[in-house]
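Worksheet: one structure, shown below.
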Amino acid sequence: MINNPEKLENHTMHLWLSERIFSWAHDSDGGQLSDQQRMKRPHIILAHAESLLTSGSSELSASDAVLNLKRAINSRLQHLEDLYRFSTLFPQIKGSLERLEQVGLARPFVVKRLFNIRNDIEHRDAQPPTRAQIRELVDATWYFLRTTDYACKRVARGLTLRSGDEGSFPPVQWISLRCSREKVDQFDVAGWVTLDFLSETAQPGFFECDLIRVNAKPVIAPSSDDFMDRMGYMHNLARAGDERFIDGKAALSPDSQREFWRLALDAL
């Protein structure tokens, strides 16, 4: 895919990187803590819904319990949207729950059942479900909140992908991807890959990169006496002749973005 590897050296390049990197082992490459009070808010609403169900015996208390279960879920959905902007990342997917399903954060069937019941009560004055059924909805809401807590507590920002075990020798290929604050589809990209992972032309299964560096393994020892510089030199000296270090910006396709967020959230 690269016809003349020598011309890549020390030049700014417009290349494409293979999506095969997403099949490598993945680890978190950074994140930040979010508003912990906001993370706890849906659990407070859920507790209120349970108290309504426990303390009251009327249809109104049962209806209020269902309404508050939906409030708890909506609170969490809005928090996730504010943190990750999934509606911008996946504009072709209409529902909030369906967007979460794309990145492995939700299974929408049971939660959508709760929403439908709530809408029937609010807009059609329907009878609330039995208390046993509401108990099932309480459990479903609790499960939804618990399984999304981690994504609200610490916000994923980066991902490191490795072709083998970290610390192996000779060193493995790796790529670091970190999301940009400016554009939802733009990422900082850096790492070592073999030339078969790079292409000079657009093709299926590759995403676009503007690279400020494309370097082969070092051949001259660093002039610095810094221990880490020299260790890095010795480490990368063992790399294969067809490996290149790349550094720059990447514009991920929708499919690549979906994989990035699925793996980044899984690595939290």
Side-chain angles (χ1 to χ4, degrees), residues 19 21-22 26 28-46 49 66-120 122-123 137 140-159 161 177-189 205 207-209 249-268:
E19 293 175 350
I21 61 170
F22 292 113
H26 59 281
S28 176
D29 188 21
Q32 64 187 56
L33 292 177
S34 72
D35 183 347
Q36 300 302 290
Q37 290 303 118
R38 190 170 182 192
M39 186 199 79
K40 295 174 182 176
R41 177 65 179 164
H43 292 281
I44 295 172
I45 300 172
L46 172 60
V66 171
L67 300 181
N68 276 280
L69 291 178
K70 189 186 178 188
R71 279 184 60 214
I73 292 172
N74 277 339
S75 176
R76 175 53 52 84
L77 289 174
Q78 188 58 55
H79 192 195
L80 288 166
E81 173 62 24
D82 292 345
L83 292 175
Y84 294 102
R85 299 175 292 176
F86 288 134
S87 63
T88 306
L89 290 168
F90 308 119
Q92 75 281 12
I93 299 173
K94 297 302 180 185
S96 298
L97 291 164
E98 286 77 7
R99 287 192 286 268
L100 296 190
E101 188 176 25
Q102 292 296 306
V103 294
L105 274 177
R107 290 282 187 261
F109 175 75
V110 175
V111 176
K112 287 183 77 171
R113 179 176 166 233
L114 168 62
F115 280 22
N116 290 335
I117 292 170
R118 178 264 184 192
N119 289 338
D120 285 343
E122 189 168 45
H123 301 300
L137 296 174
T141 304
W142 178 89
Y143 183 77
F144 172 72
L145 296 181
R146 286 297 183 187
T147 55
T148 54
D149 275 347
Y150 74 99
C152 293
K153 184 176 182 179
R154 186 166 180 260
V155 186
R157 290 295 176 223
L159 182 66
L161 301 146
L177 287 168
R178 290 185 61 82
C179 60
S180 167
R181 295 288 187 177
E182 290 75 34
K183 290 185 176 181
V184 295
D185 65 340
Q186 191 171 86
F187 294 73
D188 297 323
V189 60
F207 58 85
E208 196 173 4
C209 298
K249 299 287 185 182
L252 268 61
S253 67
D255 285 345
S256 295
Q257 289 180 56
R258 183 161 50 248
E259 276 302 285
F260 170 85
W261 287 110
R262 185 182 67 82
L263 296 175
L265 288 163
D266 180 70
L268 283 175

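- Within the 4.5 Å cutoff, the side chain of His79 has heavy atoms near those of the Ser34 side chain.
- Between atom CZ of residue Phe90 and atom CD of residue Glu98 there is a gap of 13.0 Å, rounded to the nearest 0.5 Å.
- Partners of Arg76 under the salt bridge (charged side-chain N to carboxylate O under 4.0 Å, His left out) rule, at least two apart in sequence or in another chain, are Asp149.
- Using a distance-only test at 3.5 Å, with no hydrogens or angles considered, no donor-acceptor pair links the side chain of Ser75 to the main chain of Arg71.
- Among all heavy-atom pairs drawn from Ala264 and Gly158, the shortest one is CB-O, 4.3 Å.
- Glu81 places a side-chain N or O within 3.5 Å of a backbone atom of Ser87 that can act as its donor or acceptor partner.
- You'll find the side chain of Leu80 reaches within 4.5 Å of the side chain of Cys152, heavy atoms only.
- Contacts of Phe86 classified as ring pair (Phe, Tyr, Trp, His ring centres under 6.0 Å), with partners at least two apart in sequence or in another chain: Tyr84.
- By the salt bridge (charged side-chain N to carboxylate O under 4.0 Å, His left out) test, Arg41 pairs with no residue at all, sequence neighbours left out.
- The main-chain N or O of Leu252 is found under 3.5 Å from a side-chain atom of Gln257 such that the two form a donor-acceptor pair.
- Between atom CG of residue Asp188 and atom NZ of residue Lys249 there is a gap of 3.5 Å, rounded to the nearest 0.5 Å.
- In this structure, CD on Glu19 lies 14.0 Å from CZ on Phe260, to the nearest 0.5 angstrom.
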Apply side-chain contact (heavy atoms from CB on, under 4.5 Å) to residues Leu100 and Phe144 and explain how you reach the verdict. CA-CA 11 Å; Leu100 296 190; Phe144 172 72; 4.1 Å; yes
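- Between Phe187 and Cys179 the shortest heavy-atom distance is CD2-CA, 3.4 Å.
- Note that CG of Leu145 and CE of Met39 are 10.0 Å apart. Values are rounded to the nearest 0.5 Å.
- Using a 4.5 Å heavy-atom cutoff, the side chains of Asp255 and Phe207 are not in contact.
- Heavy atoms only, all atoms of each residue included: Thr141 and Ala72 are closest at CG2-CB, 4.3 Å.
- Glu208 pairs by the salt bridge (charged side-chain N to carboxylate O under 4.0 Å, His left out) definition with nothing, not counting sequence neighbours.
- Nearest approach of Ala106 to Leu97, heavy atoms of both residues: CB-O, 4.3 Å.
- The backbone N or O of Lys94 sits less than 3.5 Å from a side-chain atom of Arg99, completing a donor-acceptor pair.
- Atoms CD and CD1, on Glu101 and Ile93 in that order, are 9.0 Å from each other to the nearest 0.5 Å.
- Two residues are said to be in side-chain contact when any heavy atoms from C-beta on lie closer than 4.5 Å; Asp29 and Leu177 fail this criterion.
- Listed by chain and number, the residues in a side-chain contact (heavy atoms from CB on, under 4.5 Å) with Asp266 are His26 (sequence neighbours excluded).
- The shortest side-chain heavy-atom distance between Tyr150 and Leu105 falls under the 4.5 Å cut-off.
- Expressed to the nearest 0.5 Å, how far CG of Leu77 lies from CG of Asp82 amounts to 11.0 Å.
- Of all the heavy atoms in Leu69 and Ala49, the pair that sits closest is CD2-CB, 3.7 Å.
- The shortest side-chain heavy-atom distance between Leu161 and Leu263 falls under the 4.5 Å cut-off.
- Under the salt bridge (charged side-chain N to carboxylate O under 4.0 Å, His left out) criterion, Asp35 pairs with no residue, sequence neighbours left out.
- Not one N or O on the side chain of Arg157 forms a donor-acceptor pair closer than 3.5 Å with the backbone of Gln32.
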